Amino acid sequence: MAAHDARNIFDDAIGRLDQAFQHADVDQEVVERLKHPKQALTVSIPVRMDDGSLRVFTGYRVRHDDTRGPTKGGIRYHPDVTLPEVQALAFWMTFKCAVVGLPYGGGKGGVIVNPKELSRLELERLTRGYVEQLADFIGPETDVPAPDVYTNAMIMGWMMDEYSKIHRRRTPAVITGKPIPLGGSLGRDDATGRGAYYCLKELERKRNWKPDQIRVAVQGFGNAGQHIARMLHADGYRVVAVSDSQGGIYKHDGFDVPSLIHIKNESRKLQAVYCTGSVCEAIDAQSISNAELLELEVDVLIPAALENQITAENAERIQAPVIVEVANGPVTSEADPLLGRNGRLVVPDILANAGGVTVSYFEWVQNRSGYYWTEEQVHARLREIMCREFNVVYDTMQQKGIDMRTAAYVVALNRIGEAISSQGTMQFFTGKIK
Ligand code: GLU
């Protein structure tokens, strides 16, 4: 992400509120409140490295709004993390939880680090050090973290363990996305991809798609990107392009996705594998850049990597009629109207990638009740929520004649507004009390 984008990303995110406000049934004061994150914590984390030296890392945790419940949202480990980025991500979590009707507000955390450069023990010391700093900020009733970019179940397990040690009680509900033996939920691992898949299945139904005629490109082949590619491929969709941070590959007839996943997870890199050694000879694929992948002539484009990928600069060159935002914030607010003008349908991040936090909610419920669900129950409940809320947003889009992102913000804003006005105070002071 370019430095100038990082400075503006939170402002860009909250800018969308003004547009949604025009179509929502809430007071201006609600919008004003939501433009300011409730709390932001910056911490320094000293870590003893394996060679004996000391490195001090910077981390953040932001709680954006907790009117509808404890704040909820992941923690990312990435060298480009900034405070405005974490604020934007926390803001999106508030709206994401509201759009799928979860009893949560939004939060997010981040540590400025390239975790791939750390040994496993350094990573564990960093993780435990971060939780030590956050121990009074997070909690099952206040703020509940989860995985995000470059964090995973093992890291969530360390975090839960450290928090439990500090508070001297086993507290699985403080964090979600944990390993199954430590209180994780079945179905959490592929939940983000699965939620987006259920959205696409609704679209398939509405548009009478024949899966084998639908060409899909997936940018980002991490947890979410891999799972949605796998599910679509299993249904007969043609996944013709995938990429990761190293670059991408394209194949006109489509890839055998399970073997791509196998290769990626063996080598940690797509392009390198395809350009060297035996796999390169075995699989016939063309190398493309991440930028080229976005502009391919496909039917469905799935940005599943980082924010700010489709901007005013490349929006006009995007050819896919349907874009499903599996990443958070891949399309900037300047790009939105350009895509809309060209008739592109954007299934927005706060809906399309809400499957992850929905199954996190299921995990939190299971931890607090101590009664665990089967994978079938998790899938069925996730499907019910995603399909219902997809249709609420889709119908709002059609009824109001607005784009799907604005419709998602309208639905969420109305729900958050209802919670704020149920507190009664605002109506009293704005003279709207009956
Ligand atoms: N990091 C994921 C997201 O952006 C999941 C958050 C959660 O499970 O709380 O939605």
Side-chain angles (χ1 to χ4, degrees), residues 9 13 60-66 68-78 81 85-111 134 138-140 142-153 155-157 159-160 172-179 183-196 199 220 222-225 227-228 303-307 324-330 347-367 378 381-382 385-386 389 408 412:
I9 188 166
Y60 307 103
R61 184 76 192 169
V62 173
R63 300 180 67 217
H64 172 258
D65 179 75
D66 66 349
R68 301 181 77 257
T71 47
K72 184 84 191 82
I75 291 169
R76 69 172 52 179
Y77 285 178
H78 197 276
V81 163
E85 180 195 38
V86 179
Q87 288 176 323
L89 289 158
F91 166 87
W92 287 323
M93 287 308 302
T94 299
F95 284 80
K96 189 185 301 186
C97 292
V99 101
V100 282
L102 307 180
Y104 286 139
K108 202 79 174 199
V111 177
L134 255 55
I138 58 174
T142 48
D143 181 33
V144 185
D148 196 75
V149 173
Y150 293 158
T151 53
N152 57 23
I155 294 174
M156 299 303 112
M159 289 192 176
M160 191 272 281
V174 68
I175 201 157
T176 59
K178 299 178 293 294
S185 176
L186 293 170
R188 176 64 186 84
D189 187 46
D190 70 9
T192 307
R194 185 173 293 275
C199 290
N223 176 293
H227 285 300
I228 189 163
L306 291 171
E307 53 268 16
V324 181
E325 293 185 323
V326 168
N328 289 306
V347 184
D349 49 4
I350 59 169
L351 172 67
N353 72 26
V357 72
T358 302
V359 178
S360 275
Y361 166 58
F362 296 164
E363 181 173 331
W364 182 76
V365 168
Q366 292 170 76
N367 292 153
V378 170
R381 289 170 184 171
L382 175 63
I385 291 178
M386 292 307 303
E389 303 303 345

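Since the structure is predicted, the reported quantities are computational estimates derived from the model, not experimental observations. Atoms within a ligand are numbered from 1 in the order they appear, just like the ligands themselves.
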Run down the list R188, M156, R76 and name the one with the heavy atom closest to atom 5 (C) of ligand 1.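 Closest candidate by heavy-atom distance is R188.
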
Out of P147, G73, G356, A354, indicate the one that has the non-hydrogen atom closest to atom 2 (C) of ligand 1.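 Heavy atom nearest to atom 2 (C) of ligand 1 belongs to P147.
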
Output yes when the distance from some N or O of ligand 1 to some N or O of N353 is under 3.5 Å, and no in every other case.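 No: no nitrogen or oxygen of N353 is under 3.5 Å from one in ligand 1.
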
Give the residue, atom name and distance (to 0.1 Å) of the protein heavy atom nearest [atom].
| atom | result |
| --- | --- |
| atom 9 (O) of ligand 1 | K72 NZ, 2.8 Å |
| atom 7 (C) of ligand 1 | A146 CB, 3.3 Å |
| atom 3 (C) of ligand 1 | K96 NZ, 3.3 Å |
| atom 8 (O) of ligand 1 | S360 OG, 2.5 Å |

Might you point out which heavy atoms bring [X] and [Y] nearest each other, and give the distance in Å?
| X | Y | value |
| --- | --- | --- |
| V100 | E389 | CA-CG, 3.7 Å |
| C97 | K72 | SG-CB, 4.4 Å |
| R61 | I138 | NE-CG2, 4.5 Å |
| H227 | D189 | NE2-OD2, 3.4 Å |

Ligand 1 atoms in contact with [X] (distance to a heavy atom under 4.0 Å):
| X | result |
| --- | --- |
| M93 | 3 (C), 4 (O), 6 (C), 10 (O) |
| G74 | 1 (N), 6 (C) |
| D148 | 1 (N), 2 (C), 4 (O) |

Distance-only, no hydrogens or angles: does the T71 side chain make a donor-acceptor pair with backbone N or O of V144 under 3.5 Å?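 Not a single qualifying donor-acceptor pair exists.
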
Does N328 use its side chain to pair, donor to acceptor, with the backbone of D349 at less than 3.5 Å?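 Between the backbone of D349 and the side chain of N328 there is no qualifying donor-acceptor contact (under 3.5 Å).
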
Under a 4.0 Å heavy-atom limit, does N328 contact ligand 1 with its side chain, its backbone, both, or neither?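 It is the side chain that touches ligand 1; the backbone stays farther off.
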
Select one of side chain, backbone, both or neither to describe which atoms of K108 lie under 4.0 Å from any atom of ligand 1, heavy atoms only.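 Looking at K108 and ligand 1, just side chain atoms fall under 4.0 Å.
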
Have T151 and R76 got a donor and an acceptor in their side chains that come within less than 3.5 Å?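 Their side chains do not contain a donor-acceptor pair, so the 3.5 Å distance test is not met.
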
Are the side chains of R194 and V359 in contact, using a 4.5 Å heavy-atom criterion?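 Result no, sub-4.5 Å side-chain heavy-atom pair not found.
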
